[in-house]
There are 2 protein chains.
Amino acid sequence: MSTATKRMNKSDLKLIAVLERTGGFASAQELHQILRREGDGIGLTTVYRALQSLVDDKIVDLLRREDGEAIYRLCGDNHHHHLVCKSCGDTVEIEGGAIEKWAKTMAEEFGFREVGHTAEIFGICSKC
Amino acid sequence: MSTATKRMNKSDLKLIAVLERTGGFASAQELHQILRREGDGIGLTTVYRALQSLVDDKIVDLLRREDGEAIYRLCGDNHHHHLVCKSCGDTVEIEGGAIEKWAKTMAEEFGFREVGHTAEIFGICSKC
DNA sequence: CACAAAAATGGAAATGATTATCATTTTCAT
DNA sequence: ATGAAAATGATAATCATTTCCATTTTTGTG
């Protein structure tokens, strides 16, 4: 059997490290600044590239701030959805049992296979 | 009692008209193009300004495409969701009763208000 | 070790949506 | 009619993200 090893280069690991350390969401620009501040001369291009590949590999989640800027964070392995506050950006991870079922049902009804889905809920949280 | 009349200028009304006619989401750029195509010489700046004020007045909803581009739709529009084929791009509009309920329930559970949501299903259609 | 091929890197320029400026035009109440 | 206020739109500015491309680093192989 194959080892299924992810090719992961230094930059990928650096980004993961920062995301682990900061523990929440951060934009590419912010992550770049953090690394710079720590003396790492990594280029902005590389930061974008690393994040892109981490997203592709489903190692980080990509969401959007209200102004459209992309924000990233490490994602747990289990599939979940988000409840996002439009005002402060606070996010709650929620289970989506109902959606899973809905998606599957709908897809079957129309003869689709290899089905996936996306779903987000947004609103204003109690604090705001 | 005051009439509480919304100040609404021609541009606002034009945008509302287009959104009513097209009936779904559209970006500022798309809305501008549609109006232009119809012979209206409205400027892009004005489109952005009108949309902004409609959002402020809670007459239209602002969401984000996956690439971060802002998309708008009339509030209270009873919206639908999409089932999209990853291969040929074919799209089916579907009702999302289950999601509506799920979104509302989840949001309430966590004390969110002014709640909206997005949901898409994707897969491979029977033709492909 | 040596060396060529492949992968990674990062600075600079390009892109594309959105916003700010500002001079001009339109609307409207008197 | 007329002056103030609102609306408009062309142009330029902003800002995140991508693309280009030349250079550096890593890696596999003899």
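Source: prediction; values computed, not measured. Letters A, B, ... are given to chains in the order of the sequence lines, protein chains preceding strands, and every chain is numbered from 1.
Atom C1' of nucleotide D:dA16 and atom CD of A:Q52 are separated by 14 Å, given to the nearest angstrom. Atom pair B:L51:CG and C:dA17:P shows a separation of 14 Å (rounding to whole Å applied). For the pair B:L35 CG and D:dG9 P, the interatomic distance rounds to 11 Å; values are reported in whole Å. Going from atom CG of B:L44 over to atom P of D:dA12 covers 15 Å, rounded to whole Å. Rounding to whole angstrom units, CD of residue B:E66 and C1' of C:dA17 are separated by 17 Å. In this entry the distance linking CE of B:M8 with P of C:dT27 reads 18 Å, nearest Å. Across the protein-nucleic acid pair, B:H32 atom NE2 and D:dT8 atom P stand 13 Å apart, rounded to whole Å. The CZ atom of A:R65 sits 18 Å away from the C1' atom of C:dA17 (whole-angstrom rounding).
For C:dT9, one of the phosphate oxygens OP1 or OP2 lies less than 4.0 angstrom from a side-chain nitrogen or oxygen of A:N9. For B:Y48, no side-chain nitrogen or oxygen approaches OP1 or OP2 of C:dT19 to under 4.0 Å. Residue B:K10 places at least one side-chain N or O under 4.0 Å from the OP1 or OP2 atom of C:dT27. Here A:T45 does not reach the OP1 or OP2 of D:dT18: none of its side-chain N or O atoms lies under 4.0 Å away. One finds a side-chain N or O of A:S11 lying less than 4.0 angstrom from the OP1 or OP2 phosphate oxygen of C:dT9.
Contact of B:T46 with D:dA7 (side chain to base): no donor-acceptor pair of N or O atoms is detected under 3.5 Å.
At a cut-off of 3.5 Å, with distance as the only test, a side-chain donor of A:Y48 or A:Q29 sits close to an acceptor on the other residue.
When atom types are taken as modelled, the side chain of B:R36 and the backbone of B:I42 share a donor-acceptor pair closer than 3.5 angstrom.
Nucleic acid contact class of A:Q29 (heavy atoms, under 4.0 Å, all strands): base. Within the nucleic acid shown, B:G68 has no heavy atom closer than 4.0 Å to any nucleic acid atom. Within the 4.0 angstrom heavy-atom criterion, no nucleotide atom of any strand lies near A:S27.
Here the side chains of B:K14 and B:D40 are in contact, with some heavy-atom distance below 4.5 Å.
Between B:W102 and A:H81, the two ring planes are perpendicular [angle over 60°; tilted spans 30° to 60°].
Heavy-atom nearest nucleotides on DNA chain C were determined for A:R49 and for B:I71, and the one closer to the 5' end corresponds to A:R49.
If you run side-chain contact (heavy atoms from CB on, under 4.5 Å) between B:D12 and each of B:L54, B:D57, B:L51, B:T46, only B:L54 comes through.
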